[in-house]
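Structure record follows, encoded as structure tokens.
In listed order, ligands and their atoms are each counted from 1.
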Amino acid sequence: MICNLNALFVWLYAISGAISIVKAQTQQVFQVDSKPVAPLSTKERIAIIGAGAGGASAAYYLQRYSDNAYDITVFEKNKYIGGRSTTVNVHDDPSWPVELGASIFVKENLNLMAAAKDLGLTVRSSELGRVKKQDDISVEDSFGIWDGKSFVFSASSESSWKSIAKMLYQYGTAPIKARRLAKQTLGSFLKYYEESNFPFQNLTEISNRYGLVNLTDETAYNYFTEKGISELFVDQIVQAATRVNYAQNVKKVQALEAVVCLAADEGLNVEGGNWRIFDAMLQKSSATVRLQTTVTEILRSSSDAGKWELRVNDAEDAEVFDQIIIASPYHQTGIGGSLFNIPEVPYMTLYVTLFTSTKRLSPTYFGLPNSATVPTMLLTTLPADEEKGSHMPPIFNSISIIRYIPETKEYVYKIFSPSKITPSFLQLIFLPGAEFGWVYEKTWKPYPKLDPVAKFTDWKLDEDGIWYLNGIEQFISTMETASLAGANVAAMIVGSNNNTVISVP
Ligand SMILES: Cc1cc2nc3c(=O)[nH]c(=O)nc-3n(C[C@H](O)[C@H](O)[C@H](O)COP(=O)(O)OP(=O)(O)OC[C@H]3O[C@@H](n4cnc5c(N)ncnc54)[C@H](O)[C@@H]3O)c2cc1C
């Protein structure tokens, strides 16, 4: 989930006309001239390990930048394409898919937007926390931040001006200042896509050049408060965003992730599931996709100098490739040996619990009057310092209604939590008599533990053609940045052939 504070910031946006939006850059989706490269006598063989956003993008852009000059094989240990971007069907009914992993992107995600258009997919507003009511016509769209005992902030789009007034009353000018900072940061990030910068040889270097290492190397709390944004706003609004998007609190998580969460206007997704972008990218690339095939070893070729051997499923025979792109967090791949010196990055553990119920959450459990309705998007923060010890912090990061199914009159709920949600906890937080028609659980390693960091792992692990995409996750961990990493490495590989001009139109 990302940028769940959309509604809130759409309202803010309405009153902060002075905030500049980097429109100019948003036009500049990078592209490469589709001039055909000189036909290679035998196509260069490239292996990509992982069919998620990064690996699929690498395959798509490699072929697009070179006019299909490569023979690409994608190895994927799962039986599906998409990796951390995947859907499950409510009640196993394919007409009700819901996102189990990455659920939202935004219009500023230039790669995803351009690819969806190119691949003929429909991008639409996310229903997350914005559901049709039981009349199937009107929409319920409310938002609240709960600290384990009571709501510290709540808003509803039905009374948006009241909500804006409430926010300004509660936080002063902090929301406007934070929004301005977020837009400036987004402007710096969009420079990475510009013709003069793309492809960038070194993520650390370009991030220093555009000042973004100042944010990755600082906690969100320190960064915002040093910029004069009130502690209350950081502890409540920013922390709600970092907890739902990255399962981490503001005093630990690096600031860039937090700032990015505040920059977007509207959450989007692809009809049928975001994974369809990556599936369509792979189809368009004509790559051979080998599902349920785990790469277990990468070796220097003993017979072909400068080439690589790759062993799958611990088989005896190895396959030879000219170049290999590792498109998955390396220490989770299980690839043996110590050929590459990639610093180990710990990943968070996140439990995603999806379920249906005809009932709503219990207002009394959440400290509301009996007659109140609990918000459709419930985010969390920690108790304020003076209340620490007086009550328990929330044991989950968010509970959202992600869609309403008129046929069964059920709401579909999604809970993000750092530990397993038990059936007894579900009974506790719901109105009496609640039954849970369908339940689906998944434990993810969703994103790195985003401690402040000033240096990112290089794209190039070996001069002879071993590339790594997932160093970008310590910078920003999203589908878009995975895709950008894939495109960037693809452009570097094609560029080194010296027969294709890489340019932005
Ligand atoms: C619950 C959750 C919510 C999220 N919310 C959002 C969101 O709203 N918006 C957003 O933009 N991002 C979100 N993210 C993050 C986003 O999903 C990731 O940043 C992005 O999808 C990473 O793509 P990737 O290709 O780098 O890695 P992955 O998607 O993890 O793909 C790597 C692939 O490599 C495969 N693999 C691993 N080892 C091997 C091997 N040895 N051999 C063969 N295959 C192998 C894996 O099976 C996997 O399919 C979320 C993630 C989760 C889990």
Are any of the N/O atoms in Ala51 less than 3.5 Å from those in ligand 1?
no

Looking only at distances, can you tell me whether any N or O atom of Met479, backbone or side chain, sits closer than 3.5 Å to an N or O atom of ligand 1?
yes

Measuring from atom 39 (C) of ligand 1, which candidate in Glu297, Lys77, Arg290 has the nearest non-hydrogen atom?
Lys77

Are any of the N/O atoms on Tyr447, whether in the backbone or the side chain, positioned under 3.5 angstrom from an N/O atom of ligand 1?
no

Tyr468 and Phe340: CA distance, side-chain angles, deciding distance, ring-ring contact (aromatic ring centres under 6.0 Å, His included) verdict:
CA-CA 10 Å; Tyr468 183 53; Phe340 314 114; 9.2 Å; no

For atom 22 (C) of ligand 1, which candidate among Arg84, Glu99, Glu480 holds the nearest heavy atom?
Arg84

At a 4.0 Å threshold, what atoms of ligand 1 neighbour a non-hydrogen atom of Asn470?
26 (O)

Polar proximity ligand 1 side, Gly54 side, N/O cut 3.5 Å exclusive
yes

Taking the basic N atoms (NZ, or NE/NH1/NH2) and the acidic carboxylate oxygens, is any pair closer than 4.0 Å for Asp451 and Lys449?
yes

Ligand 1 contact on Ala327 by region, counting heavy-atom pairs under 4.0 Å
backbone

Just to check, does Gly82 reach to within less than 4.0 Å of ligand 1 when the distance is taken from its heavy atoms?
yes

Does an N or O anywhere in Glu76 fall below 3.5 Å from an N or O of ligand 1?
yes

Any N/O pair Ile104/ligand 1 closer than 3.5 Å
yes

Check for me whether Asn245 has a heavy atom closer than 4.0 Å to any atom of ligand 1.
no

The option among Ala47, Ser483, Ala102 carrying the non-hydrogen atom nearest to atom 14 (N) of ligand 1 is Ala102

Ligand 1 contact on Pro446 by region, counting heavy-atom pairs under 4.0 Å
both

In terms of side-chain geometry, is the basic nitrogen of Asp322 or Arg45 positioned less than 4.0 Å from the acidic oxygen of its partner?
no

